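Remember, predicted model here, so these are calculated numbers, not experimental data. Residue numbers start from 1 in every chain, and the chains themselves are labelled A, B, ... in the order their sequence lines are given, proteins ahead of strands.
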Amino acid sequence: MTKYIIQRVIVSIPIFFGITMIVFALYALAPGDPLAMLLGERAMLEMTAEELEAARESLGLNDPWWGRYISWLSRAIRGDLGYPLTGGYTVMELLQQRIGPTLLLMATAFAVSLLAGVPMGIVMALKQYSWIDYLVTVLAFAQLSIPSFFLALGAMYVFSLKLDIFPTSGLQTIGEPFSLWDRIHHLIMPSFILAAYFAGVWARYTRSSMLETMHLEFVTTARAKGLRERVVVVRHALRNALLPMITVASLSLGQLLGGSIIIETIFQWPGLGMLGWQATLNREYPILMGIILIASTMVLASNLLADILYAVADPRIRYD
Amino acid sequence: MANDLQAEQQLFVDTPARRAVRRFSRHRLAMLGLGVLLIMVLLAVFAPAVAPHSPTKQELSLYRKPPTQTHWLGTDSLGRDVFSRLIHAGRVSLSVGLVAVGIYETIAILLGAIAGYYGSKLDWIIMRAVDVVMTIPTMIVIIFLVSILGPSMYNSMLAIGIMGWPEPTRLVRGQILSLREMDYVTAARSLGLPTHRIILRHVLPGVVAPLVVHATFGVAGAILLEAGLSFLGLGVPPPTASWGNMMSSAQTLNILERVPWLWVPPGIAIMLSVLSINFIGDGLRDALDPRGMETG
């Protein structure tokens, strides 16, 4: 097992360097003075031409591209992602402030989507070709096809403006101290809407995976042993059908993050997604770069974790 | 008489293509999707002839008028006819979907074929590139690219096209690797067929079927992406109408509550087109599944 883990970590290393190279290439594409992205424009105004040139030299901006890449990478790994053009906080500080709300939103949406999608898939597989299968299939496809912002606008129209059950925006009620219920109250609409698409994905996935598993020999064996159908389905078929979900779920993390850009913008949820959108409008490329780097590293780490979890859950993998 | 019988027999030769068409036409949701999509495509293609009004002509006296007999879906904040804008927007949204997917499937065929055929070093490099791009959250990079290149229809196509290739590349490569080892390919080789003939006639057709299915779902996904970009103001810029940018005004609560005819019709249009394309994709997957080719 240790050998397997080490092997997976080694495979991830070139991918990590690939990610940093792409982010660095995007830096090069972004218009503007790279020095301003490192020091902040305000700090530059107070410096003389000689000081600026010295800073350029000491930060390695006069080096060839691979030299610039190495000095940028060594700073990034230490957590120095430069300054936004407007100064104030460093990019790293901004990301630290905003990552909490995004993780809360993503984790809730992820849990909701699994709790809704997997049972949908099981029902469809057990009642294949019945009217229930048909109905839930159409529902799952609708979840996959409705744009999240349309669903968000519709939900706001009905639940906030007409019925006044849920707030339209924000992390909590303005001017009130933090309370858990208030936070949950604000979290429900954005997380359920973000979850809708993924529930459709899990439903479709669980259905086909269950149908495949139900035809395997060990399920027939379990039935032949005289086990009750419920035990056969839950203990034998479902457990095996859901195994590959570990990988698929991990791969969806990046999509979940992408989806949170639109949801956070609509619901004014102060996370990484909203930060990214504001950064785009203000052409704050260092912030965008920081988000891409942090998000990609998170996805890479979760893929690694998924690989290891899969090997724990399914011993066959380790002997491949 | 004998000739008639022969002709009739020839008519009923059951080729894989015919079986696929038959299986597809039995998929009720796919046929429904095909019908709806056909109507939407026809409306989009003939938009200038079908639209009752100009999609860009402003009439300030018609400020946010609710639906009437002359303006079926009302007018927007600049007094433009919403229905006319809706069918013109279909041209933009559908073509962005098609072109973006065309771009990345082309990249995928090239890279996937290179990785699958030549193997070793090139394969390793291409597959690591796939891993890297798959790890980077697509939406954020697309937003970044569009903001550098400037929001426009062509840049949306390009940005979506540049980020979409890893998954189909993996698909093409995997398909080629497994087909290379098939008995019928070995048979073709031992019969002495030239390599290009084996590739063109025996390997590529096996790649086309799953790729077509992937591309169909891809178009649906690209339409959703473009709509999201335009909704955020980063896709197709006004005055050109796209389904996404028609809805961006609904970000203000006033319009959301009081002028629903501005944001509901384009939302339904996106959903209907994406749903239809997804149904068609599902039908194609069932119809083109080689495991089911023998039956049905």
Which distance, rounded to the nearest 0.5 Å, do you find between the [atom1] of [X] and the [atom2] of [Y]?
| X | Y | atom1 | atom2 | answer |
| --- | --- | --- | --- | --- |
| B:Glu257 | A:Leu161 | CD | CG | 4.5 Å |
| B:Ile148 | A:Tyr285 | CD1 | OH | 5.5 Å |
| B:Leu225 | A:Ile262 | CG | CD1 | 8.0 Å |
| A:Ile292 | B:Phe144 | CD1 | CZ | 6.0 Å |

Less than 4.5 Å to any heavy atom of chain A: does that hold for the side chain of [X], its backbone, both, or neither?
| X | answer |
| --- | --- |
| B:Ile268 | both |
| B:Leu253 | both |
| B:Ala227 | both |

At their closest point, which heavy atom of [X] faces which heavy atom of [Y], and how far apart are they?
| X | Y | answer |
| --- | --- | --- |
| A:Leu300 | B:Thr135 | N-CG2, 3.5 Å |
| B:Leu256 | A:Tyr157 | O-CD1, 3.2 Å |
| A:Gly254 | B:Pro137 | O-CB, 3.8 Å |
| A:Arg283 | B:Ser147 | NH1-O, 2.9 Å |

Is chain B contacted by the side chain of [X], its backbone, both, or neither, given a heavy-atom distance below 4.5 Å?
| X | answer |
| --- | --- |
| A:Ile266 | side chain |
| A:Leu293 | neither |
| A:Leu153 | both |
| A:Ile22 | side chain |
| A:Thr297 | neither |
| A:Leu144 | both |
| A:Phe17 | neither |

Do B:Met134 and A:Asn303 come within less than 4.5 Å of each other through their side chains, counting heavy atoms only?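 B:Met134 vs A:Asn303: side chains apart.
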
Using side-chain heavy atoms (C-beta onward) and a distance below 4.5 Å, is B:Val132 in contact with A:Met21?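 B:Val132 does not reach A:Met21 side chain to side chain.
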
Max heavy-atom pair count under 4.5 Å with chain B, selected residue of [options]:
| options | answer |
| --- | --- |
| A:Ile261, A:Thr265, A:Leu253 | A:Ile261 |
| A:Gly273, A:Gly18, A:Pro147 | A:Pro147 |
| A:Met298, A:Arg204, A:Met156, A:Gln255 | A:Arg204 |
| A:Val299, A:Thr168, A:Leu26, A:Ile19 | A:Leu26 |

Only one of A:Leu272, A:Thr280, A:Leu257 forms a side chain to side chain contact (heavy atoms under 4.5 Å, CB included) with B:Ile140, so which one is it?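 Of the listed residues A:Leu272, A:Thr280, A:Leu257, the side chain to side chain contact (heavy atoms under 4.5 Å, CB included) partner of B:Ile140 is A:Leu257.
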
Would you mind telling me which of B:Leu272, B:Ile277, B:Val274 makes a side chain to side chain contact (heavy atoms under 4.5 Å, CB included) with A:Ser145?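 It is B:Val274, the one option of B:Leu272, B:Ile277, B:Val274 that forms the side chain to side chain contact (heavy atoms under 4.5 Å, CB included) with A:Ser145.
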
Within a 6.0 Å radius of atom CD on B:Glu167, are there more than 12 heavy atoms belonging to other residues, nucleotides or ligands?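 No, because the 6.0 Å sphere around CD of B:Glu167 holds 12 heavy atoms or fewer from other groups.
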
Might you confirm whether atom NZ of A:Lys162 has over 12 heavy atoms from other residues, nucleotides or ligands at distances under 6.0 Å?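 For A:Lys162, atom NZ is crowded (more than 12 foreign heavy atoms under 6.0 Å).
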
Parallel, tilted or perpendicular: which one describes the rings of A:Phe149 and B:Phe231, with boundaries at 30° and 60°?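 Plane angle under 30°, so parallel.
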
Counting heavy-atom pairs under 4.5 Å to chain A, which of B:Thr138, B:Ile223, B:Leu29, B:Val133 comes out on top?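 Sorted descending by pairs with chain A, the first entry is B:Leu29.
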
Only pairs of heavy atoms separated by less than 4.5 Å count here; which of B:Asp131, B:Ile270, B:Leu224, B:Leu232 has the most with chain A?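 Top count of heavy-atom pairs under 4.5 Å with chain A: B:Leu232.
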
